[in-house]
A.B. asks: 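Sharing a structure with you now.
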Protein chains: 2
Amino acid sequence: MIRVLLADDENLIRSALRALLSLEDGIEVVAEAATADEALAMARAHTPDVAVLDLQLPDRDGIALAADLRRELPSCRTMIVTSHGRPGYLKRALAGGVGGFLPKTVSASVLAQVVRTVHEGGRYVDPELAAEAISAGDSPLTAREADVLELAAEGAPVEEIARRAALTPGTVRNYLSSAASKLGAANRHEAVHVARRHGWI
Amino acid sequence: MIRVLLADDENLIRSALRALLSLEDGIEVVAEAATADEALAMARAHTPDVAVLDLQLPDRDGIALAADLRRELPSCRTMIVTSHGRPGYLKRALAGGVGGFLPKTVSASVLAQVVRTVHEGGRYVDPELAAEAISAGDSPLTAREADVLELAAEGAPVEEIARRAALTPGTVRNYLSSAASKLGAANRHEAVHVARRHGWI
DNA sequence: GCGTGCCCGTGACATTCGTCATGGCCGGGC
DNA sequence: GCCCGGCCATGACGAATGTCACGGGCACGC
């Protein structure tokens, strides 16, 4: 019996997934959590074999949670399920030792199959997502450029970004400018969109 | 037996919901669809009693779909389930005759209960969402302001917005300016964020 | 009929933004 | 040791943007 931990902040989805997995032979959902902290606590208490994590949790993202789980419970394998299949996340997840990465568009049978694969130490990545990730490649942005672009995401003026990043307004504009040109965007706001789409910020 | 149509573009969620609802007494999922068009076709073929619709479908949103369904199949009641509980959508949905509006954070039992309530002609709105909607109030934007702001959402320059809206650049700037001031934003990009958060665009 | 609000436009102004050139400081690779 | 690339900054210029004042047309309610 594969013992599964489910972490998703959306109650409905979580219990629906539970219902779905419970129909499968050899799979048992032993714990549920709505937040990353809760998931960690549940994992300690129930020592699941596989943790199925939503990418976006209220307190931190599923990838960070997966890293925590690996540290605390090395025997527990992890997989990420998400609505937003951004390539950047996939890369981060794989680098962090996550065993599976699926969009929520896959069918139920695929989910169950991947739980089994991951449990056996295998890896599975949605082919479509993998293709996107390969074609998207690495972020061309430097760490600082990404920082600044992130702060620009809410439409704040340069002045405020500069304060929040502890930089001069001039420097901020330079970074934004170079980021936008690297991303092929006409201005920073378009750049934000491009970077978001690729999962680079 | 309440005959239910399920529309959600995420395969996993859809079949999970199906599994969940199938566990309930007196509820039967008779059709599933991944797009609005597909949902319409399925509704014609299966004449469900209640349609459970995701807010965001690939071709158009769940509220528009609900309106189509009401026109084509007046006997079929509709309810919306969503991850993004923006107040503006709730208002639009209710105005369009939708019987239920739920965030995906509710529990499974609530979902089933709401399906029953809606089937009997009742209405149900998540209390938290309702509170948000009331406090958020109506959009202060005029139709045109909202249009223009929408076009500005992707970071396009004024020039392009003007072309796409068949307006003069000057007029566009006036609209954006007044929209931003109404929303208490320092610039149009911040205004886009505010309007998005409230569900006004 | 008259005010009011939305629609659309013009023109002018100050501010912000995007771009470029330039320079110094660091750390890593050859 | 030297070059390169990332990091941070300055200054300056033109272009885009935000703001304001003002005008006309149109529909609506009173």
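In what follows, every chain begins at residue 1, and chains take the letters A, B, ... in the order their sequences are listed. Hydrogens, waters and symmetry mates play no part in the numbers below; they use all other heavy atoms, side chains included.
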A.B. asks: Go through the steps to decide whether A:Gln56 and A:Thr82 satisfy the test side-chain hydrogen bond (donor to acceptor under 3.5 Å, both in side chains), and finish with yes or no.
C.D. replies: CA-CA 8 Å; A:Gln56 42 214 358; A:Thr82 176; 5.1 Å; no
A.B. asks: Any non-hydrogen side-chain atom of B:Thr47 less than 4.5 Å from a side-chain atom of B:Cys76?
C.D. replies: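 The answer is no; the side chains never approach within 4.5 Å.
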A.B. asks: Can you establish whether the number of heavy atoms outside A:Glu28 located under 6.0 Å from its atom CD is more than 12?
C.D. replies: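 It does: A:Glu28 CD has more than 12 such atoms within range.
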A.B. asks: Please report the C-alpha distance between A:Val114 and A:Met79 in whole Å, then the side-chain angles of each, then the deciding distance to 0.1 Å, and finally whether the side chain to side chain contact (heavy atoms under 4.5 Å, CB included) criterion is met.
C.D. replies: CA-CA 9 Å; A:Val114 173; A:Met79 49 185 290; 3.5 Å; yes
A.B. asks: Answer yes if the side chains of A:Glu145 and A:Ser178 hold a donor-acceptor pair under 3.5 Å, and no otherwise.
C.D. replies: yes
A.B. asks: Start with the C-alpha distance between A:Thr35 and A:Asp9, add both sets of side-chain angles, then the distance that settles side chain to side chain contact (heavy atoms under 4.5 Å, CB included), and finish with yes or no.
C.D. replies: CA-CA 6 Å; A:Thr35 67; A:Asp9 59 320; over 6 Å; no
A.B. asks: Among A:Val192, A:Ile161, A:Ile201, A:Leu141, which residue satisfies the side-chain contact (heavy atoms from CB on, under 4.5 Å) criterion with A:Glu150?
C.D. replies: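 So, applying the side-chain contact (heavy atoms from CB on, under 4.5 Å) to A:Glu150 and each of A:Val192, A:Ile161, A:Ile201, A:Leu141, only A:Ile201 qualifies.
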A.B. asks: Do NZ/NE/NH1/NH2 and the carboxylate oxygens of A:Arg116 and A:Glu24 come within less than 4.0 Å?
C.D. replies: yes
A.B. asks: So if I define the base as every atom that isn't primed, P, OP1 or OP2, how would nucleotides 7-26 of chain D read as a B/S/- string at a heavy-atom cutoff under 4.0 Å?
C.D. replies: SBBB-B----BBBBB-----
A.B. asks: Give the first and the last nucleotide of DNA chain C, reading 5' to 3', that has any atom under 4.0 Å from a heavy atom of chain A.
C.D. replies: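 Terminal contacting nucleotides, 5' to 3': C:dC17 to C:dC20.
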A.B. asks: Checking salt bridge (charged side-chain N to carboxylate O under 4.0 Å, His left out) for the pair A:Asp54/A:Arg14: CA distance, chi angles, key distance, verdict?
C.D. replies: CA-CA 9 Å; A:Asp54 192 272; A:Arg14 203 173 63 237; over 6 Å; no
A.B. asks: Taking the axis from the first five pairs and the axis from the last five, what angle separates them in the helix from C:dG1-D:dC30 to C:dC30-D:dG1, rounded to 10 degrees?
C.D. replies: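 For the helix from C:dG1-D:dC30 to C:dC30-D:dG1, the axes at either end differ by 30°.
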A.B. asks: Starting from the C-alpha separation in whole Å, work towards a yes-or-no answer on side chain to side chain contact (heavy atoms under 4.5 Å, CB included) for A:Leu20 and B:Leu12.
C.D. replies: CA-CA 9 Å; A:Leu20 201 67; B:Leu12 196 50; 3.9 Å; yes
